[in-house]
Each structure stands twice: as structure tokens, then as C-alpha cells.
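Note that this is a predicted model, so its numbers are computed, not measured. Computation of the quantities below employed the complete heavy-atom set of this structure, encompassing side-chain atoms and omitting hydrogens, waters and symmetry-equivalent molecules.
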Amino acid sequence: MLTSKLGGTTKQPFVPRGQGALFLEFLMPVNPQDDPYYRLRHSLAHVMAQAVLEIFPEGKVAIGPPIEHGFYYDFDLPRSLTPDDLGEIEARMRRIISGNYPFIYRVVSAEEARQLFKDQPYKLELIEGLAQGADEYGELHPDANGGTVISTYRQDTFEDLCRGPHLEHTGQIDPEAFKLMSIAGAYWRGNEKNPQLQRIYGTAWNNKAELDQYLWRLEEAKKRDHRRLGKELDLFSISDEVGPGLILWHPKGAMIRVIAEDFARQAHLNAGYEWVFSPHIGRAHLWETSGHLDFYKENMYSPMDIEGEAYYAKPMNCPFHIQIYKTHLRSYRDLPRRYAEYGTVYRYEMSGVLHGLTRVRGFTQDDAHIFCRPDQVEEEIGRALEFSLYVLRAFGLNEFTAYLSTRPEKYVGRPEDWDRATAALERAVEAHALPYQRDEGGGAFYGPKIDLKVHDALGREWQLSTIQFDFNLPERFGLEYIGEDGQPHRPYMVHRALMGSMERFFGVLIEHFAGAFPLWLAPVQATLIPITDKQLAYAEQVRQQLVAAGLRVEIDDSRDRMQGKIRRAQLQKVPYMLIIGAKEQEAGAVAVRMRSGEDLGPMPLAEFVARAVQEVQTRA
RNA sequence: GCCUACGUAGCUCAGUCGGUAGAGCACGUCUUUGGUAAAGACGAGGUCACGGGUUCAAGUCCCGUCGUAGGCUCCA
């Protein structure tokens, strides 16, 4: 299925662990029956193509489908478009719309179609596909034997190869409710070996209010952009000097990471995991055995030479954990073993795909590998999923969709193991009443998996957790345990990551909270604001008491006036501002102002401490 | 990696026709000691991403490199 490819559920041999694609739903073609905007957006794509061809009569058109929020059309034009061109194209589109041209449908034979589009090479290629029963994306539909029905739609002077449906006439389009958004390069049929076309993206809505609402949402998303907030709140940076895709965690960002890691570290201990550490590099032979040098080399950095021996920076942690497993002969009574590590891995990503914290070249996974007996699989999967939900919910992420990927045509391992594992995954998902989608045949060749995507405060989906079987590595490394029968058996192995990578997880948290972290995560929980220097000594006393209570506080002893200090703390999204003037000093109190702007007035210091400690403990 | 755009002070940005660099914030000093989102004055701060080229003269025009953004592709 086309959408499954775009959905980031393509087959992947080794565990992506949170470093898979973001879910770019914006780019997914939509189905006519699902989407009330389909006709509008599809029609606008045609109108845009007409407008572009008016400017470039020699231009070649490719395809132009509706997508979520809008539409695009791909062109092959004699020159590069500039953002200035969009204005003229929009103006021409409005003129076409005002003509109230009907969209006229007709069925043509393949021969007529070839004649009609004889100057349009991309259309001719599509027609050949259609004549052989493919759809416009080149996907074959076996039920369409003898060829797909070929049809066209025409409005005004522009006739396009199209199966529709469309609006009745252009007058049904609100000329104030669409906007051309951007120009991008796009390969013909999505293949980088094909010519690169120019794609124009547009957004379209039923009326101007809807358009404005959409544009407003884009602005809101911009304000939450973790790259922007990372700078404004001094959380992290990426230095050209260090290199792209490599994250520098500043003290405030690192504080949040440390809190998150500490929380999850304790949670893992409670859940029966054992912590391990492993090095960042390993000999080439290890990666040959694991198969990474066969299957994952594209993502690995060049080896370094150490005394004539090649070593690779690790792209995954699994081979190291396997080595730890192999240091003993394991009894069936020793299983399951659950090895957890915040493991930092390095993967080559093409420069064009790097993005803030969510797509990087070096990152730390909250990784774990579970080695267990076949009869323990069911319970281990259930526990892993339960645990994943527990951890994510602790961070205020409460909405999830699960994706279950099953056995592909090419696979390793025994079918009965696959069936058992897949059934275990399915039961686990159903037991938690999670909404889920099955991707039949979408699993990796080495095992089925569940991916969890979380929905953030703006409803956007992010892939973080993954729980994945591996029938490959135990085989390659010859893993064994001694069973009750005194014979060696092969253990099951499960990879899992909950937060995914700390980098991406942090990025999602920043955007989810728009930088206003809940008290337990806030790097600075309270700013003490003395009104005059006369209160500095008292402020220091207060600070020490708050620190003793386990709170993270700063004194703003700058020369600014109180208003300026409040403003600064507010912009830094500090949860509490504690104003200290003569009155508070006198009373042994602090005047509490919250980040929301609410003024709680003066309260005894002990009362504030109790309140804050309670808030931290409940992770409210 | 590919397409397009962009790269000027720590940050956000201006810089016209090619004529040797500007603002606000932040920073420093001084004055001001204040009651819930910015007190005032002065000052310091630049290899205009980097490297070439054109020109009497380049932040500005051209080429290359690096980086960033939005896409594409990739995420075996």
C-alpha cells in the first residue's frame, strides 16, 4: 500500500528505536470517500495547473493530488519557480475560479488519451500504466484486468488525465480560502533516479475562516517548535563547529534529561530490568556476526583503525548486550534477563533529513533487550507494553496509537515462532484497549513488532516506543539456555525502547508542553525575586531552605526592577515566581506568582514548600 | 544526496543603485532601591558563514564549499 510506505512502517531490518520517520501526514494522499475536502482540493490542483500552464505554455505537468490540508501539483518547467511566482499563479487561479467553468468528465480510449496528451510525456507514461491496469501511482491492481478506465476532466482550456471526482464548477471554490504555500523539488514518481520536478504546495478550505484557522495553527506550531524554544529557553544547541545532527545539551536541557533518565532508571529497576553499560565502538568482526555490516552499513560511519584492526562506532546496542548474555551458560531458571542501557549510538543520516532533535546523527536510546523462554513471551510483551505506557503517561503523554507489523514474505525463523510472537503482540495491544492498526506483512524480516505513536498537545503523532521481536540475532550469535531437559535451547529476544531516543523524546516534550514544563521537570522551578537589595540576605536564606527541600531555585539579583524580573522569569516559563519584599521578609513568607499569571499572594514559606513538594511528587 | 530559499553583533533583524556596518534585546559601567510582564544614561561588541573571482571599490554581483529552512528521496 502506498500509504504504508509513507507512514514510516516500511520494512526495517534492525530496530529503529525511535529514530524512524516522523509521521508526515501532510503528505499522505487522501481517499475521496474519507475526505470532505477531496473534490475542492483536487479541483484546485487542476486550476493551479491551468494557471501555471498559462504562464509556461511549454510546461509539462505530472501529477497533482489532494493531500491532507491541501493539494500539490508537480511540473517540469523551463525555469525555476521563485516565491514571487506564487502570487501571480494565485491571481490567475482566482481569475479562473471567477469564470464558473464546469468540470467536464469524459471517458476516453487509451488511443484517444495518447493523442490528447501527445505533448505531455509524464501523462503518456501514466496512460501506459493505466492501459495495463495500474493506478496513477504505478501500483498494479489485479482486479482491473484489461486496463483501468481512462478518463479526463476539463475546466476552461485545461483538460487533465484524471479519475476525479471534482466539484461541479470552479465557482464552488471560495477564492479567499486557498493559499499557495511553498515550492519544493520532488522526483517524478518519487524515485531519485528520475528527473526532479517542481512541486507547488497549496492549502485549501471551505471558507476564509477555515483557512485563517489553519494558518493560525501553523503559527502556533511554529511557536512551539523545539528548535526555537531550545534557543529561547537555553536548552540545547547544535554547533556548526561540532557538526550537524550532533546535540549539545545545555545545563537546563540536561537537567530535564537527567530528571527523565533518573525517573525511568528507577522505574526500570522496579520493573525487573538490570542496568548495563557498553562501549561506543566495537570490532568489525562483531558487526559482521550481527549482520550490520551486511544490512546496515549505509547507516554506519567509516571504521577507525586501532592497531591495524577496524572498529566501528555502534549504530545499535544489541550486539553488546548479547555479549553480556553470552558470558555465562544460562539456565532456563535465569530467564528472563532484561538488560537496559541509555545507549548512545551513531548513525549516518543524509544531510537533508536532519531536523533539530528529532532526526540526528548521534543519539541515546533508552534501550533494552529481553532474553526469555518461548513460554515467557506473552507475559514479557504484556509487561513491556504496560511499562511503556506507564513511562509515557508519567510525562503527560496520554494518547496513543499502536501499529502492529506482521510477518513479511521474506523472513527468518520458524513460522510457529512468528505466530506465537505476533499473537502475543496482538493480545497485549488488545488487553490495553489501544487503538491500533495492523500492517500485514509489514514486519521486518527478523521479527514482528509494535510501534507506539504518541499524540502531542496539538494532536500531532510522533513515533517513540517500539517493541520488536528478533529471531535473527539469537541465531547469528548462537544464543542458548539450558532447559529443564538439560538440552540447549534458543532464547527469544525482544528489543524495546520506550522514550525512543532521549533527543527525540526531549524534542517531543518541548513541543508538547510548549516549553512550559510541569514542575517536576522544570529545570528552574522557582525564581526568587527580591524587590530591593535589602531583601537579598533573606532571599538567600529562602533559597537554601528550598534547596534543602529538594527544589531547584534561582535568585534574580540583577539590578532590574521587580517588573523586569517577573517578565524575564515569565518568558523563561519558570513555574513559580516568589516575590520577596519587606513585608514578606517581616513575615517569613513569600508572595507567590504562578506562570499562568495567577497571583496567590503571600504565604508562609513552609506552606509554599509543602505545595511545591506535593506538586513534584504527583508529577502534576 | 537532490530542488528551492536563506546565512550581517550572543539573540531577533535592517542595510536602497556596488562606495569600507545599523537597530532593538542581551552584555558592561554609572544613576535609580522599586509591589506582579521591560527605569534611565553611557559603553563595549562585526574576518557581513568560509574560500576564490569580477571591479578603482563587494555585506551587496559571479563560482565553489560549509551550514540552516521547507520539500523530495532515504530511514535495508
I want to check one thing: is the phosphate of [N], taken as OP1 and OP2, less than 4.0 Å away from some side-chain N or O of [X]?
X: A:S182; N: B:G71; answer: no
X: A:K231; N: B:U12; answer: yes
X: A:Y201; N: B:C72; answer: yes

Paired nucleotide for [N] [Watson-Crick or G-U wobble; both distances under 3.5 Å]:
N: B:G43; result: B:C27
N: B:C74; result: none
N: B:A57; result: none
N: B:G64; result: B:C50
N: B:A21; result: none
N: B:A69; result: B:U4
N: B:A14; result: none

Measuring only the [atom1] atom in each nucleotide, how far is [N] from [M]? A whole number of Å is fine.
N: B:C17; M: B:C6; atom1: P; answer: 15 Å
N: B:C42; M: B:G1; atom1: P; answer: 49 Å
N: B:U12; M: B:G7; atom1: P; answer: 13 Å
N: B:A44; M: B:G24; atom1: P; answer: 14 Å
N: B:C61; M: B:C48; atom1: C1'; answer: 15 Å
N: B:G46; M: B:G22; atom1: C1'; answer: 11 Å
N: B:A21; M: B:A58; atom1: C1'; answer: 13 Å
N: B:A57; M: B:U20; atom1: C1'; answer: 9 Å

[X] [atom1] - [N] [atom2] separation (whole Å):
X: A:E241; N: B:A49; atom1: CD; atom2: P; value: 15 Å
X: A:I238; N: B:G10; atom1: CD1; atom2: P; value: 19 Å
X: A:K222; N: B:A69; atom1: NZ; atom2: P; value: 13 Å
X: A:R189; N: B:C74; atom1: CZ; atom2: P; value: 15 Å
X: A:H355; N: B:G67; atom1: NE2; atom2: C1'; value: 16 Å
X: A:W188; N: B:C3; atom1: CH2; atom2: P; value: 20 Å

Quiz item: A:Q196 side-chain donor-acceptor pair to B:C72 base, under 3.5 Å: no

Flag, side chain of A:R361 to backbone of A:R347, donor-acceptor distance under 3.5 Å: no

Parallel, tilted or perpendicular: ring planes of A:F75 versus A:Y73, cut at 30 and 60 degrees: parallel

Shortest non-hydrogen separation from A:D366 to A:G500 and the atoms involved: OD1-N, 2.9 Å

Closest non-hydrogen atom pair between A:L578 and A:A526, with its separation: CD1-CB, 4.1 Å

5' priority, RNA chain B, between A:S351 and A:D225 [closest heavy atom]: A:S351

5' priority, RNA chain B, between A:Y348 and A:S558 [closest heavy atom]: A:Y348

Out of B:C72, B:U33, B:A76, whichever nucleotide has its closest atom nearest the side chain of A:K534: B:U33

Proximal nucleotide (of B:G71, B:U73, B:A76) relative to the A:M350 side chain: B:U73

Sugar-phosphate, base or nothing in reach of A:A184, heavy atoms under 4.0 Å: base

Contact state string [nucleotides 35-41 of chain B, B base, S sugar-phosphate only, - no protein heavy atom under 4.0 Å]: BBBBS--

Pairing of A:E90 and A:K179 as salt bridge, 4.0 angstrom limit: no

Could you tell me if [X] sits above the aromatic ring of [Y], with its cationic atom closer than 6.0 Å to the ring centre and no more than 45 degrees from the axis?
X: A:K453; Y: A:Y403; value: yes
X: A:R41; Y: A:Y37; value: yes
X: A:R407; Y: A:Y411; value: yes

Flag side-chain contact, heavy atom, 4.5 Å: A:Q525 against A:V574: no

